[in-house]
Amino acid sequence: MSPMRWMTEATCGNARAGHLHTAHGIVPTPTFMPVGTAGTVKAMTMDAVRSTGAGIVLGNTYHLMLRPGAERVRKMGGLHRMMDWSGPILTDSGGFQVMSLGALRKLDQDGVTFNSHIDGSKHRLTPEISTDIQHALDATITMCFDECPALPATPERIEQSMQLSMRWAARSREAFVPRLGYGQFGIVQGGTERELRERSVRALTDIGFEGYAIGGLAVGEGQELMFSTLDYTTPLLPGTHARYLMGVGTPDDLLGAVERGVDMFDCVMPTRAGRTARAYTERGTLNMRNARHAEDNRPISPHCDCLACTRHSRAYLHHLFRNNEILGPMLLTWHNLAYYQRLMRTIRAAIVASNLPAVAAGLRADWAAGDW
Ligand SMILES: CNc1nc2cc3c(=O)[nH]c(N)nc3c(CC[C@H]3O[C@@H](OC)[C@H](OC)[C@@H]3OC)c2[nH]1
Ligand SMILES: [Zn+2]
């Protein structure tokens with residue numbers, strides 16, 4: 001087993017197709033990583049997750065340290081064992097959740113003290129504590145402990161926050177226990193300020209990581225500002241390492257970010273939409289609660305091999321959601337994740353065949369065409 005590394009297979013413009021080699025298997029990129037925040041991809045068995053073709057799933061330090069606790073996960077054999085997932089797991093470092101979930105929190109130069117949103121108990125996260133927790137979880141990919149400032153924010157606030165995150169990145173790297181096939185990703189910060197992004201990339205590449213994430217985006221800045229930030233940030237990152245855009249996004253976001261050189265993604269949209277009756281398809285999204293589906297015997301998508309599309313109809317999904325049946329969110333989450341994985345395979349094949357521009361135009365035309 002060699003150290004974790006990303007290998008290029010093909011490029012098409014700024015887009016890349018490659019493979020991420022890890023201790024828990026090789027993952028084709030571009031890849032979409034289902035969110036498994038508290039050690040479960042909500043409403044999905046891991047057999048269902050595997051059937052969609054997912055390569056990497058996510059866990060989260062913040063949620064798992066509160067419940068069941070990192071020490072208990074370690075005693076139970078680690079997250080892979082508990083989740084029944086032998087593939088790679090990427091865990092976020094918890095900083096983002098503390099800022100967005102933690103009821104009360106106090107940020108200082110050394111770390112964050114916060115009260116659990118579950119029972120109000122007091123906790124602390126620092127670069128060292130977060131890195132140790134991710135090690136106890138046996139995460140294949142560990143994320144640096146960072147601070148993601150809420151936008152809009154003044155350039156001064158973003159500069160202060162980025163500098164703090166870079167100091168925390170160095171401490172996270174110091175605390176990381178290198179193991180063959182395991183890796184740690186640095187997280188680029190700097191908001192939508194070009195000069196700050198450039199300084200953040202330099203700080204992280206001086207430290208050296210197995211991969212690099214672009215953080216601080218998908219926090220309300222909008223797609224145009226996100227894409228323009230990617231336009232000048234991804235080319236600064238080493239071409240030989242995987243690039244991960246955190247918290248993104250819609251199918252249109254994914255396509256545009258792959259075109260700008262991003263390899264890895266995570267987003268709650270397909271799973272959250274699955275629980276709220278929103279279906280993703282090649283022709284845009286559908287609200288399965290809408291009465292127009294009540295007697296529609298067609299599958300959600302004619303191109304989908306998921307259980308909802310091969311065994312059931314739109315009318316049945318409509319019925320399940322109207323009756324608040326548990327099977328509704330199960331089937332629709334499965335379908336949405338299957339759609340996201342199929343979309344990534346389509347995009348990857350286009351890069352390998354060097355015809356991403358034509359395929360991208362076709363995808364965008366279909367999304368705009370509206371339902372069949
Ligand atoms: C939605 N927009 C969005 N922008 C983000 C930016 C950052 C960032 O700069 N630093 C860190 N550390 N995390 C970020 C995150 C959280 C991703 C996690 O959030 C969890 O999804 C709920 C999931 O945890 C399993 C995922 O794990 C990687 C972001 N999410
Ligand atoms: Zn389907």
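Worth saying up front: this structure is predicted, and the values here are computed from it rather than measured. First listed ligand is number 1; within each ligand, the first listed atom is number 1. These numbers come from the heavy atoms of this one structure, side chains and all, not from hydrogens, waters or symmetry mates. Residues take their numbers from the sequence shown, with the count starting at 1.
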Side-chain donor or acceptor of Thr126 paired with backbone N/O of Ile129 under 3.5 Å: yes

Chi angles and distances behind the side chain to side chain donor-acceptor pair (under 3.5 Å) call for His24, Thr140: CA-CA 7 Å; His24 297 105; Thr140 318; 2.8 Å; yes

Derivation of the side chain to side chain contact (heavy atoms under 4.5 Å, CB included) call for Val248 and Ile214: CA-CA 10 Å; Val248 174; Ile214 298 154; over 6 Å; no

Close approach of Gln97 to ligand 1, heavy atoms, under 4.0 angstrom: yes

Spacing of OH belonging to Tyr340 relative to OG1 belonging to Thr271, to within rounding of 0.5 Å: 9.0 Å

Residues forming a side chain to side chain contact (heavy atoms under 4.5 Å, CB included) with Cys306, sequence neighbours excluded: Cys304, Ala308, Cys309, Trp334, His335, Ala338

Taking atom 28 (C) of ligand 1 as the reference point, the nearest protein heavy atom with its distance: Tyr244 OH, 3.0 Å

Those atoms of ligand 1 less than 4.0 Å from some heavy atom in Gly247: 1 (C), 2 (N), 3 (C), 30 (N)

Distance-only N or O hit between ligand 1 and Val219, under 3.5 Å: no

Check: Phe114 ring centre within less than 6.0 Å of Tyr62 ring centre: yes

Subset of ligand 1 atoms that lie under 4.0 Å from at least one heavy atom of Leu58: 25 (C), 26 (C), 27 (O), 28 (C)

Spacing of CG belonging to Asp296 relative to NE2 belonging to His318, to within rounding of 0.5 Å: 10.5 Å

Atom 7 (C) of ligand 1: nearest protein contact (heavy atom, Å): Phe96 CD1, 3.6 Å

Side chain to side chain contact (heavy atoms under 4.5 Å, CB included) between Arg5 and Glu210, intermediate numbers included: CA-CA 7 Å; Arg5 67 191 192 291; Glu210 284 69 46; over 6 Å; no

Within-shell test, Gly95 vs ligand 1, heavy atom, strictly < 4.0 Å: no

Atom 22 (C) of ligand 1 - nearest protein heavy atom and its distance: Val268 CG1, 3.4 Å

Atom indices of ligand 1 within 4.0 angstrom of Gly215 heavy atoms, with elements: 8 (C), 9 (O)

Atom 25 (C) of ligand 1 - nearest protein heavy atom and its distance: Gly59 O, 3.3 Å

Shortest protein heavy-atom distance from atom 26 (C) of ligand 1, along with the residue and atom involved: Asp266 OD1, 3.5 Å

Enumerated ligand 1 atoms positioned under 4.0 Å from heavy atoms of Ile187: 12 (N)

Nearest non-hydrogen protein atom, atom 24 (O) of ligand 1: Asn60 ND2, 2.9 Å

Non-hydrogen atom of Met246 closer than 4.0 Å to ligand 1: yes

N/O/S atom name from His335 that is nearest to the position of the Zn ion (ligand 2): ND1

Check: Asp146 N/O within less than 3.5 Å of ligand 1 N/O: yes

Arg260 charged N/C atom sitting above Phe227 aromatic ring, 6.0 Å / 45°: yes

Atoms in ligand 1 with a heavy atom of Cys148 nearer than 4.0 Å: 6 (C), 8 (C), 9 (O)

Atom indices of ligand 1 within 4.0 angstrom of Ser93 heavy atoms, with elements: 12 (N)

Crowding at CZ, Arg364 (>12 non-hydrogen neighbours, <6.0 Å): yes

Sub-4.0 Å heavy-atom approach of Gln189 to ligand 1: yes

Protein heavy-atom partner closest to atom 17 (C) of ligand 1 - residue, atom, separation in Å: Asp92 OD2, 3.5 Å

Nearest-0.5 Å distance, OG of residue Ser172 to CZ of residue Phe145: 8.0 Å

Atom CZ of Arg124: over 12 foreign heavy atoms under 6.0 Å: yes

Minimum-distance protein heavy atom relative to atom 9 (O) of ligand 1: Gly216 N, 2.7 Å

Proximity of Leu217 to ligand 1 by residue part, where a heavy atom lies under 4.0 Å: backbone

Gap between atom CD of Gln184 and atom OG1 of Thr131 - 0.5 Å precision: 5.5 Å

